[in-house]
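The chains referred to below are lettered A, B, ... by the order of the sequence lines, with proteins before strands, and numbering in each begins at 1.
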Amino acid sequence: MMDKLIIPLFAGTVLLLLLLSFIVYFIFLYRKKQRDFELERQAFEQTVLQTKVEIQKETQQQIAMELHDNLGQMASFLKLNLNLMTKTDDVSELIQESKTVSQDLINGIKSVSRSLNQTDLLSEGLSVAIRNELSRYSQKLNFMTECKIDPAIESINKEKQLLIYRMVQEMLHNIQQHAQASKVMVSIDYLTNFVLRVTDNGKGFEPKTVLYGAGLNNLKTRSKMLNGQLDIIPLPQGVTFEITFSA
Amino acid sequence: MSPRYAFFLAFVLFVFIYGLFYFSRFSSPYRWLIGLLGATLATEAATRILFEQTGTTFPVYHFFIPVALLFNAFIYAEIWAGRKSLKWLIYSITVCFLIGTLVNSFTLQTLSTFPSNGILLHCLQTILLSLITYSFMLRFPISTPLRLQPVFWFNTGNFFFYGINFFLFGFFNFYYKSESGIDWTYEINWYSNMILYLLYFRTLYLEQKS
């Protein structure tokens, strides 16, 4: 009987040890994965925070420019008109002009006030925010635009939306700085994958030879944060920035 | 009925009642787990009745195994409800094992025989599903400590219990084919059962708290 018992006893003990070792090994592995996950999460949160600060700074710069270039000019024009009125007899045309400019000035001030009050940039949705930004750049730089955005992107979580918005802003900034483009196209598809494409018809560049500045590096980092990748595709005229991550 | 068996039944009943009491607080996989506990209790009751009347308990297990296979599949599929491909994998594995068990019950080990092959298949299904779950837990970790995750305790209980049972009904049965009544296998079975239901209780307790 003892002889018969030795083999199953031995096999049973080995099995028990194997099961327990497996569970202990799993716990060890899981804790390691959890630490990595925490680090990634912290890095993501930090990037989101940094993005918020950058967007805030960008908004402040926009407001400063709007005050200086637009509203300031209107106020100067009004002052000029008032000066002219003291020297001219027929002031009716000047009054009419001044009325129109005053109204534009009031509208401009309201718009700046709205920008300052806007606590949530994405309150009207990511799609609207991107369209507004594109239209702002288009007015400033006088280029044609085309925009095609899948409405499904509104289902992406807000933190990721913020990163996407900032990436679009950075790409448009890049176009403004270097591309000399007359047309910019923004498209976002969101089916099995999220694909953001920003294409311009400017002078273009060769991605392999260009030195990555802060803008391109930020784009790369943010793409990685979204577990995606950034591709720069040179075209016969211009370039396409493509950011892809799984939906 | 031995006091030890009565104690085991009382404990399973306690876990089942506890589960029913907090049923509304549980997420879908753990509601299925309570269903499995109910099926286990019903099976144990049926074995007692059948034993009194016919002197054998074997037919009950032929019915319990397919039910347990299905409950296992529902529980694991609901744990990974967000991952469609994994759900398909779980159901496909289960269908294969279900066919195997039915073939065994109709051909190799009929109702008058103890379905040790069916139990082996049941063990194998659970071990496979628990290994898949471990692997997906590693792929998608969450920040909650492992000791506070219901899925970890549920999965570990299954892995441990069915790992031991696979050995008992596989290797051991094969080795002792010609003999009967090896007492200490029942001992091991009792202890591993107690550990399993203790871990199920921990699972439900944590789920209820969360």
Query - Neighbourhood of chain A inside residues 138-157 of chain B, taking heavy atoms under 4.5 Å as contact - result: B:L138, B:P141, B:I142, B:S143, B:T144, B:P145, B:L146, B:Q149, B:F152, B:T156
Requested in this report: Enumerate by number any residue of residues 13-34 of chain A whose heavy atoms lie under 4.5 Å from heavy atoms of chain B; in the absence of such residues, state 'none'.
Outcome: A:L15, A:L16, A:L19, A:L20, A:F22, A:I23, A:F26, A:I27, A:L29, A:Y30, A:K33, A:Q34
Query - Over 12 foreign heavy atoms within 6.0 Å of CZ, B:F51 - result: no
Requested in this report: Count the heavy atoms belonging to other residues, nucleotides or ligands that lie under 6.0 Å from OH of B:Y205, then report whether that count exceeds 12.
Outcome: no
Requested in this report: Select all residues of residues 195-203 of chain A having any heavy atom within less than 4.5 Å of some heavy atom of chain B, and report them by number, or 'none'.
Outcome: none
Can you give the donor-acceptor pairs under 3.5 Å from side chains of residues 60-71 of chain B to other protein atoms, not counting sequence neighbours?
| residue | atom | partner | partner atom | Å |
| --- | --- | --- | --- | --- |
| B:H62 | ND1 | B:S105 | OG | 2.8 |
| B:H62 | NE2 | B:T110 | O | 3.1 |
| B:H62 | NE2 | B:T113 | O | 2.8 |

**Report entry** Under 4.5 Å from any heavy atom of chain A - which part of B:I127
**Finding:** neither
Report task. Mark yes when over 12 heavy atoms from residues, nucleotides or ligands other than A:E45 sit less than 6.0 Å from its CD; otherwise mark no. Result -> yes
Query raised in the report: Counting heavy atoms not belonging to A:Q56, are there more than 12 under 6.0 Å from its CD?
Result: no
